[in-house]
Colleague: 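My questions will all concern the structure given below.
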Amino acid sequence: MHIVMIASECAPVSKVGGLADVVSGLSRELELRGNLIEIILPKYDCMRYDHIWGLHVAYHDLWVPWGNGAIHCSVWFGFVHGRKCFFIDPHSHDNFFNRDNYYGYPDDAMRFAFFSKAALEFLYKTGKQPDIIHCHDWQTGLVPVLLYEIYEAQGLNHPRVCYSIHNFRFQGITGTDILSATQLNRPEYYQHYDRLQDNTHPTALNFMKAGIVYSNFITTVSPTHAWEALHTEQGYGLGDTLHIHKDKFAGILNGLDYEVWNPEIDPLIPYHYNIDNLDNKYANKEALRDRLLLRKDFKPIIAFVGRLDVQKGVHLIRHAIFYTLQNGAQFILLGNSPESNINNEFLQLKAELNDNEDCHLEIGFDEELAHLIYAGSDMIIMPSLYEPCGLTQLIALRYGTVPIVRSVGGLADTIFDRDFSDKPITARNGYVFHEADYMGIESAMQRAIGLWRDYPEHFQRLIKQGMQYNYSWHRSGQLYLDIYEKIRNK
Ligand code: ADP
């Protein structure tokens with residue numbers, strides 16, 4: 001099958017969170033199974049160019065119809081860890097992608113509407129007719145609209161669209177000026193409840209709703225989150241739309257790229273290890289302490305790696321730092337937030353704890369350090385308020401780091417409490433709490449720290465049970481292929 005991914009992120013070149021890992025990991029799995037995969041991305045100034053091989057202009061003069069005229073683009077090609085990637089590079093005074101960050105600008109909706117249109121224009125002009133276009137999150141929600149309302153009639157009539165939602169909170173809610181810019185026009189047609197009109201703000205359009213309405217199939221990233229999106233406030237206003245389209249909606253658990261996340265070969269950690277040789281995990285723990293100037297002591301290291309977003313339970317992360325320090329353990333945090341008030345809160349905390357040799361807070365994005373933290377820590381916390389899938393806990397399992405998670409979304413589908421679970425004792429792999437409050441997280445952390453200190457052999461058994469889980473793309477890759485097969489034959 002010929003599959004084109006259209007996305008705003010792809011690991012490790014342009015990565016903000018799990019979306020990037022999914023685009024690269026799923027693409028690799030599909031390619032290993034003999035499919036042709038091409039990935040279309042924006043050409044951001046702030047990308048990691050050191051991870052692109054053979055970058056060159058593959059298509060010089062792509063004129064993308066826009067507003068009353070057209071914008072001139074170049075399309076670059078390069079390999080990202082073996083994946084074939086095209087990068088859209090518009091030459092306009094809007095400077096859509098020549099910025100310091102990936103997101104967070106007032107014209108984000110316009111930027112990604114343009115990207116969606118340019119990606120289709122590129123397919124159309126180059127005569128590519130993929131079997132499947134797989135697009136992701138609000139940034140590419142207009143792709144199926146543009147495909148079926150404009151490009152199909154022009155001859156781009158073969159592809160079917162699969163649309164994956166990684167986070168319902170960010171939907172691309174915007175004004176109707178997008179319609180004239182993209183040349184969809186006809187506001188009376190699109191600004192309708194059955195099409196692009198936002199369910200809560202009737203004067204606005206909603207990109208994610210557009211993706212749901214127009215795609216041939218919609219997925220979200222875990223079975224539990226699919227249920228939550230349909231039946232709880234976690235659909236963020238799109239529950240009704242999902243109900244209408246529920247026959248083409250399913251939850252598929254994300255996999256993890258086991259080539260990238262593998263402690264046996266990971267080039268970003270100093271000591272390699274596996275389930276039969278955990279000694280080197282402890283060598284990484286010492287290396288981590290050396291790097292972050294933490295005290296060498298008989299204490300477990302508890303870590304948090306992730307976006308510092310309200311979604312991640314920021315108040316509980318903060319509480320966990322103090323609880324850890326009061327209970328004879330060490331804490332490492334690696335995270336950042338586009339919201340300056342959250343960033344500032346943690347920068348202030350960092351300053352307060354600066355002299356504490358049992359604690360290190362790193363405010364920023366650092367792929368290399370993240371790998372060392374996964375390898376060198378004993379436990380990782382994820383007190384998320386909601387979590388569509390979560391990759392951090394899957395990476396932690398793979399690196400023998402025990403996850404302590406709140407039972408929500410994909411965390412509920414992947415982590416099973418050591419003491420209280422329906423799973424057989426030998427299939428349990430972490431600690432789980434339910435209420436998003438201090439008592440909840442403390443109860444789980446207390447049990448984890450207690451086991452580490454008082455029953456080290458049992459703790460090691462728990463580590464190994466986690467490492468035995470296989471959350472690679474193998475199974476979910478097949479589920480996506482089944483969906484592609486189903487929609488292309490319709
Ligand atoms: P989300 O998609 O909500 O951000 P996930 O758990 O699905 O959360 O994926 C997070 C991914 O991003 C993981 O690969 C994690 O290691 C990485 N990550 C998040 N924040 C950082 C950071 N500050 N530095 C390095 N890697 C990070």
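Counting from 1, the numbers follow the sequence of the chain as shown. Order of listing sets the numbers, starting from 1, for every ligand and every atom in it. We use all heavy atoms of the structure for the numbers below, so side chains are in, but hydrogens, waters and symmetry mates are not.
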Colleague: Please set out all donor-acceptor pairs under 3.5 angstrom arising from side-chain atoms of residues 461-468, sequence neighbours excluded.
Modeller:
| from | atom 1 | to | atom 2 | distance (Å) |
| --- | --- | --- | --- | --- |
| Q465 | NE2 | I425 | O | 3.1 |
| Q465 | NE2 | T426 | O | 3.4 |
| Q465 | NE2 | R428 | O | 2.8 |

Colleague: List ligand 1's nitrogen or oxygen atoms that come under 3.5 Å of a protein nitrogen or oxygen, with the partner atom and distance.
Modeller:
| from | atom 1 | to | atom 2 | distance (Å) |
| --- | --- | --- | --- | --- |
| ligand 1 | 2 (O) | G18 | N | 2.7 |
| ligand 1 | 3 (O) | R307 | NH2 | 2.8 |
| ligand 1 | 3 (O) | K312 | NZ | 2.8 |
| ligand 1 | 4 (O) | R307 | NE | 2.8 |
| ligand 1 | 6 (O) | L391 | N | 2.9 |
| ligand 1 | 6 (O) | T392 | N | 3.2 |
| ligand 1 | 6 (O) | T392 | OG1 | 3.0 |
| ligand 1 | 7 (O) | L391 | N | 3.2 |
| ligand 1 | 8 (O) | K312 | NZ | 3.1 |
| ligand 1 | 9 (O) | G18 | N | 3.2 |
| ligand 1 | 14 (O) | K15 | NZ | 2.9 |
| ligand 1 | 14 (O) | D21 | OD2 | 2.9 |
| ligand 1 | 16 (O) | Y374 | OH | 2.7 |
| ligand 1 | 23 (N) | G364 | O | 2.8 |
| ligand 1 | 24 (N) | D366 | N | 3.1 |

Colleague: Going by side-chain hydrogen bond (donor to acceptor under 3.5 Å, both in side chains), name the residues that satisfy it together with E286, two or more places apart in sequence or in a different chain.
Modeller: R289

Colleague: Closer than 4.0 angstrom, basic N to acidic O: yes or no for R318 and E345?
Modeller: yes

Colleague: D266 and side-chain hydrogen bond (donor to acceptor under 3.5 Å, both in side chains): which single residue from Y399, W261, Y271 fits?
Modeller: Y399

Colleague: Should F249 and L230 count as side-chain neighbours, where that means a heavy-atom distance under 4.5 Å?
Modeller: yes

Colleague: Quick one: which residue pairs count as a salt bridge (Lys or Arg N to Asp or Glu O under 4.0 Å) with a foot in residues 229-241, not counting sequence neighbours?
Modeller: none

